[in-house]
Amino acid sequence: MLGKYENFPVNVHFIKRFSSTLNSKQFQQKLINALKSLNRKPFSFEEITIPTIPNCEVLFEFGIAEGECFNFLDEQEVNRVLNMLKTVQTWDFFCVIRYYRCYEQKKSALKFDYYMVRVNFVVKNVEFRVFHKQGSRYIAPEELVTIITDSINNASVKRVLNEMV
């Protein structure tokens with residue numbers, strides 16, 4: 001089933017809830033497009049968070065669940081997902097965060113972070129559940145949620161997500 005990972009962990013490392021100004025279908029479109037825009041776009045560590053490694057480049061790779069695997073969110077997969085949008089209450093994603101130390105003209109790969117992100121939609125509420133599968137955690141689970149939600153809000157004319165207390 002597209003969007004649902006059969007073995008998503010029960011115990012997660014971070015949960016954050018938001019209220020949304022959009023209905024579920026509109027929000028899902030924004031979410032898919034935001035993740036696609038983050039995919040393989042190089043960021044300096046300073047753009048993302050307080051850097052733990054100087055002169056470091058960060059790349060995100062997001063995939064959407066389909067049964068027991070994940071499909072990379074490239075142009076073709078995004079179109080397939082957007083054409084199949086329905087009122088689904090849960091979407092599961094896999095996120096690989098790649099870190100590269102940059103030396104003059106060279107880059108050397110550092111350890112990567114592997115995250116699973118579950119996004120639940122109920123009426124005008126959105127919940128992010130993050131599980132850190134493996135890696136160094138140079139970017140914390142709460143920072144990953146902030147990166148995703150900022151990307152959604154920045155791509156919109158008005159603020160789409162507001163943090164719930």
Side-chain angles (χ1 to χ4, degrees), residues 1-43 45 47-49 58-82 84-99 111-156 159-164:
M1 176 178 184
L2 182 65
K4 185 82 169 165
Y5 181 60
E6 302 298 327
N7 299 314
F8 197 90
V10 176
N11 297 322
V12 295
H13 296 109
F14 183 71
I15 299 172
K16 193 163 197 177
R17 292 176 183 88
F18 296 87
S19 62
S20 174
T21 59
L22 304 174
N23 65 39
S24 290
K25 186 174 180 178
Q26 293 169 324
F27 176 77
Q28 290 173 37
Q29 290 170 330
K30 293 271 187 196
L31 173 65
I32 297 298
N33 285 318
L35 296 179
K36 180 186 153 259
S37 72
L38 289 170
N39 265 347
R40 294 193 177 153
K41 179 181 173 187
F43 294 93
F45 219 138
E47 290 177 276
I48 302 297
T49 186
V58 179
L59 286 114
F60 297 90
E61 291 185 357
F62 287 94
I64 189 165
E66 188 163 18
E68 292 193 18
C69 64
F70 291 87
N71 303 325
F72 179 71
L73 281 172
D74 60 9
E75 192 70 39
Q76 182 180 359
E77 188 66 17
V78 166
N79 289 334
R80 182 174 89 106
V81 171
L82 292 176
M84 297 177 71
L85 277 184
K86 50 187 178 194
T87 310
V88 178
Q89 293 202 9
T90 301
W91 289 84
D92 295 331
F93 300 95
F94 191 73
C95 176
V96 177
I97 305 175
R98 299 174 178 267
Y99 306 99
K111 292 190 180 217
F112 302 160
D113 276 318
Y114 300 93
Y115 282 100
M116 298 170 108
V117 180
R118 173 165 278 176
V119 184
N120 294 313
F121 324 100
V122 181
V123 188
K124 296 233 177 197
N125 293 319
V126 179
E127 178 186 73
F128 287 83
R129 296 178 159 264
V130 181
F131 177 77
H132 182 257
K133 187 167 175 62
Q134 135 185 15
S136 54
R137 263 194 185 185
Y138 291 134
I139 293 177
E142 52 271 20
E143 292 171 319
L144 178 60
V145 171
T146 299
I147 291 162
I148 295 169
T149 57
D150 285 352
S151 180
I152 293 168
N153 282 329
N154 292 339
S156 304
R159 192 167 184 81
V160 173
L161 293 170
N162 295 300
E163 186 176 342
M164 294 176 72

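Every value quoted in this text rests on a predicted model; they were computed, and no experiment measured them.
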Check: Listed by chain and number, what are the side-chain hydrogen bond (donor to acceptor under 3.5 Å, both in side chains) partners of E68, not counting sequence neighbours?
Finding: none
Margin query: Looking at R159 and L161, would you say the former's side chain and the latter's main chain have a donor-acceptor pair under 3.5 Å?
Written below: yes
Notebook entry, point to check: Is there a side-chain contact between I32 and I64, using heavy atoms and a 4.5 Å cut-off?
Noted result: yes
Notebook entry, point to check: Mind checking whether F94 and F70 have parallel, tilted or perpendicular rings, split at 30° and 60°?
Noted result: tilted
Next item on the list: Supply the atom-to-atom distance N125 CG to F18 CZ, rounded to the nearest 0.5 angstrom.
Entry: 11.5 Å
Note to self: Given 3.5 Å as the limit, does a donor-acceptor pair link the side chain of N162 with the main chain of S19, or not?
What the structure shows: no
Notebook entry, point to check: Once you round to the nearest 0.5 Å, how far does CG of L2 lie from NZ of K4?
Noted result: 12.5 Å
Margin query: When you measure from the side chain of T146 to the backbone of E142, do you find a donor-acceptor pair of N or O atoms at a distance under 3.5 Å?
Written below: yes
Check: Are R129 and N120 side-chain neighbours, meaning at least one heavy-atom pair lies under 4.5 Å?
Finding: yes
Notebook entry, point to check: Does atom NZ of K133 have more than 12 heavy-atom neighbours from other groups under 6.0 Å away?
Noted result: no
Item checked: Any donor-acceptor pair under 3.5 Å from D92 side chain to Y5 backbone -> yes
Check: Can you find a pair of side-chain heavy atoms, one from K36 and one from E75, that are under 4.5 Å apart?
Finding: yes
